[in-house]
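Here's the structure, in structure tokens; my notes come after.
What you see below is based on every heavy atom in this structure, not just the backbone, and it leaves out hydrogens, waters and symmetry mates.
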Amino acid sequence: MTPEAITLSDITLNAPDAFALARFYAVITQGEAHGTSARARVTGPGGQIGFQQVADPPISRSGSLSDNAHYVS
């Protein structure tokens with residue numbers, strides 16, 4: 001049995017304001033931002049990026065931000 005290839009199809013980033021971050025990414029990727037401050041998405045010819053509102057992103061014991069991206073394959 002041959003294993004299937006895994007393809008990354010979506011990524012979601014945490015942000016205090018999902019739509020504000022989506023607008024930023026839309027400018028730098030030449031995509032279009034859609035959504036609200038709670039959930040937003042940037043779509044463009046090369047794919048899409050999702051954003052979700054998280055008021056206080058978790059901080060790891062080392063002091064760095066952790067768990068700020070979620071990947072879907």
Side-chain angles (χ1 to χ4, degrees):
M1 192 161 153
T2 306
E4 294 292 322
I6 296 174
T7 303
L8 181 65
S9 63
D10 200 1
I11 184 169
T12 301
L13 302 176
N14 295 339
D17 183 329
F19 192 63
L21 191 56
R23 285 191 315 248
F24 169 78
Y25 273 89
V27 169
I28 64 173
T29 63
Q30 298 178 350
E32 293 183 28
H34 309 275
T36 67
S37 61
R39 291 199 181 277
R41 181 162 301 283
V42 171
T43 57
Q48 60 185 358
I49 306 170
F51 303 88
Q52 67 183 2
Q53 183 180 41
V54 176
D56 295 314
I59 305 292
S60 71
R61 281 181 253 174
S62 67
S64 65
L65 293 174
S66 63
D67 296 328
N68 286 319
H70 308 278
Y71 307 95
V72 178
S73 59

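- The minimum heavy-atom distance between Ala15 and Leu21, with the atom names listed, is CB-CD2, 3.6 Å.
- Inter-residue side-chain proximity for Val42 and Glu32 is flagged as unmet; no heavy-atom pair is nearer than 4.5 Å.
- Expressed to the nearest 0.5 Å, how far NE2 of His34 lies from CZ of Arg41 amounts to 10.0 Å.
- Going from atom CZ of Phe19 over to atom OG1 of Thr36 covers 8.5 Å, rounded to the nearest 0.5 Å.
- Contact check on Arg23 versus Asp17 returns no salt bridge, with no Lys/Arg side-chain nitrogen under 4.0 Å from an Asp/Glu carboxylate oxygen.
- Judged by distance alone, with hydrogens and angles left aside, the side-chain atoms of Gln53 form no donor-acceptor pair with the main-chain N or O of Ala18 at under 3.5 Å.
- Pairing each heavy atom of Ala33 with each of Ala26, the nearest pair is N-CB, 3.9 Å.
- By the criterion of side-chain heavy atoms lying less than 4.5 angstrom apart, applied directly or through intervening Ile, Leu, Val, Met, Phe, Trp or Tyr residues, Ile11 is grouped together with Phe24 in one hydrophobic cluster.
- Remark: Ile49 CD1 to Asp10 CG distance equals 9.0 Å, nearest 0.5 Å.
- Two residues are said to be in side-chain contact when any heavy atoms from C-beta on lie closer than 4.5 Å; Asn14 and Phe51 fail this criterion.
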